[in-house]
Every structure is written in structure tokens, then in C-alpha cells.
Amino acid sequence: QVQLVESGGGLVQAGGSLRLSCAPSRRTFTTYRMAWFRQAPGKEREFVAGASWSGENTYYADSVKGRFTISRDNAKNTMYLKMNSLKREDTAVFYCAAGSSYYHTTAPALYDYWGQGTQVTVSS
């Protein structure tokens, strides 16, 4: 079964930075739309950032715009999420996802492949 594998989560103080990475365990996702979602305890999974297959077009949730940057390196078959100026409310499990949808979408149901998630905890 195809898997996406996230890494880079951890504990960081408010105002700090982290970089998450996502790579598939098998096959390539260079023609897939990729995205990051997050889910905090007791809350629904929410869209954080997305990128078109080329990485040329990127999209962000308002809550992270200006602080987070999504990028992908198709030569390495890897996607990244650089998170700066982290806040306590960013604490969540972060998931990467890949989908074949032609158009940008923030709906989790329209992404076909998911990683197992990586915990990001921001302390005050």
C-alpha cells in the first residue's frame, strides 16, 4: 500500500520554527497535487497549505499565511512545510496528503493518499 511518510515534527517554543518533510514510501507523486493538513485534539482536520503538481501555485489557510511556506522538490519526490513564528494554537498532528484533483481543494475527502501524521507541539 502506498504510504506518505512525514518527518520533522517536535516540540518548539512559541516564536520558533520547524520544517516538516513528506516523502512517499513507494511510487512518485510528481503529478499529484500535494497538501498539508492538521488536526488538533477535539477538532476536525483542517487544510493548512497546498501546492500544485509543479509547485508553482501554492495556497494557504488564512491562519498560517505569511508564516508557513509549502514547497516541493519533485527531483527528490519530497514536499516540505517550513513553519515560522509558531504559535501555541499551531499545536496539532500534521498530515501530508496527495490527490489527483486537477483543481485546488481544501477538502480532505478529495485527497487520495495520506501520511500517518507528525506531532507539532508549540509551548509558551
Side-chain angles (χ1 to χ4, degrees):
Q1 186 175 357
V2 175
Q3 268 193 315
L4 294 169
V5 181
E6 303 99 336
S7 61
L11 174 65
V12 63
Q13 286 190 329
S17 299
L18 282 176
R19 189 180 78 158
L20 305 182
S21 300
C22 171
S25 59
R26 290 189 294 175
R27 81 175 291 171
T28 62
F29 284 88
T30 54
T31 59
Y32 279 70
R33 181 173 298 280
M34 303 287 290
W36 289 95
F37 288 78
R38 67 185 179 186
Q39 188 166 18
K43 295 188 176 181
E44 293 188 352
R45 191 167 298 189
E46 65 173 358
F47 172 82
V48 175
S52 60
W53 71 269
S54 66
E56 184 174 348
N57 297 311
T58 57
Y59 310 88
Y60 297 93
D62 288 343
S63 58
V64 307
K65 205 169 291 183
R67 300 188 297 122
F68 291 10
T69 303
I70 187 173
S71 61
R72 59 190 300 173
D73 184 340
N74 285 338
K76 295 182 178 180
N77 205 25
T78 302
M79 176 177 69
Y80 305 97
L81 183 68
K82 182 65 188 300
M83 305 184 292
N84 295 325
S85 302
L86 282 161
K87 305 175 181 180
R88 287 193 64 186
E89 51 263 43
D90 294 317
T91 295
V93 177
F94 281 70
Y95 299 89
C96 69
S100 56
S101 170
Y102 181 80
Y103 297 104
H104 165 60
T105 177
T106 62
L110 296 182
Y111 286 83
D112 306 299
Y113 302 99
W114 291 85
Q116 80 289 351
T118 185
Q119 177 71 47
V120 172
T121 303
V122 184
S123 64
S124 58

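- Residues Gly115 and Tyr95 share a closest heavy-atom pair of O-CD2, 3.6 Å.
- Checked against side-chain hydrogen bond (donor to acceptor under 3.5 Å, both in side chains), Tyr32 has the following partners two or more places apart in sequence or in another chain: Arg27.
- Looking at every heavy atom in both residues, Leu18 comes nearest to Gly8 through CD2-O, 3.8 Å.
- Note on Tyr80: it does not cluster hydrophobically with Phe68, by side-chain heavy-atom contacts below 4.5 Å among ILVMFWY residues.
- To the nearest 0.5 Å, atoms CG (Leu20) and CE (Met79) are separated by 9.0 Å.
- Arg19 CZ to Thr69 OG1: the interatomic distance, rounded to the nearest 0.5 Å, is 11.5 Å.
- In the hydrophobic clustering of this structure, Trp114 does not group with Trp53; members are Ile, Leu, Val, Met, Phe, Trp, Tyr whose side-chain heavy atoms approach within less than 4.5 Å, directly or through other members.
- The main-chain N or O of Asn57 is found under 3.5 Å from a side-chain atom of Ser52 such that the two form a donor-acceptor pair.
- With sequence neighbours excluded, the residues forming a side-chain hydrogen bond (donor to acceptor under 3.5 Å, both in side chains) with Asp112 are Ser100, listed by chain and number.
- Across Ala92 and Ala40, no two heavy atoms sit closer than the pair CB-N, 3.9 Å.
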Which side-chain N or O atoms in residues 101-110 pair as donor and acceptor under 3.5 Å with protein atoms at least two apart or in another chain?
| unit_1 | atom_1 | unit_2 | atom_2 | d |
| --- | --- | --- | --- | --- |
| Ser101 | OG | Tyr103 | N | 3.4 |
| Ser101 | OG | Tyr103 | O | 2.8 |
| Thr105 | OG1 | Ala107 | N | 3.1 |

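- Here the two rings, on Tyr59 and Phe47, have centers that are 6.0 Å apart or farther.
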- request: Evaluate the side-chain contact (heavy atoms from CB on, under 4.5 Å) criterion for residues Phe94 and Glu6: first the C-alpha distance (whole Å), next the side-chain angles of each, then the deciding distance (0.1 Å), finally the verdict.
  value: CA-CA 8 Å; Phe94 281 70; Glu6 303 99 336; over 6 Å; no

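- A search for salt bridge (Lys or Arg N to Asp or Glu O under 4.0 Å) contacts involving Arg38 returns Glu46, Asp90, not counting sequence neighbours.
- Heavy atoms only, all atoms of each residue included: Thr78 and Ala23 are closest at OG1-CB, 4.0 Å.
- Heavy atoms of other residues, nucleotides or ligands lying less than 6.0 angstrom from NZ of Lys65 number more than 12.
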Taking distance alone, no hydrogens or angles, what donor-acceptor pairs closer than 3.5 Å link side-chain atoms of residues 81-89 to residues at least two apart or in another chain?
| unit_1 | atom_1 | unit_2 | atom_2 | d |
| --- | --- | --- | --- | --- |
| Lys82 | NZ | Asn84 | OD1 | 3.4 |
| Asn84 | OD1 | Ser17 | OG | 2.9 |

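- Every residue two or more places apart in sequence or in another chain was checked for a side-chain hydrogen bond (donor to acceptor under 3.5 Å, both in side chains) with Asn77, and none qualifies.
- Put simply, the side chain of Arg72 never gets that close to the backbone of Arg33: no donor and acceptor are under 3.5 Å apart.
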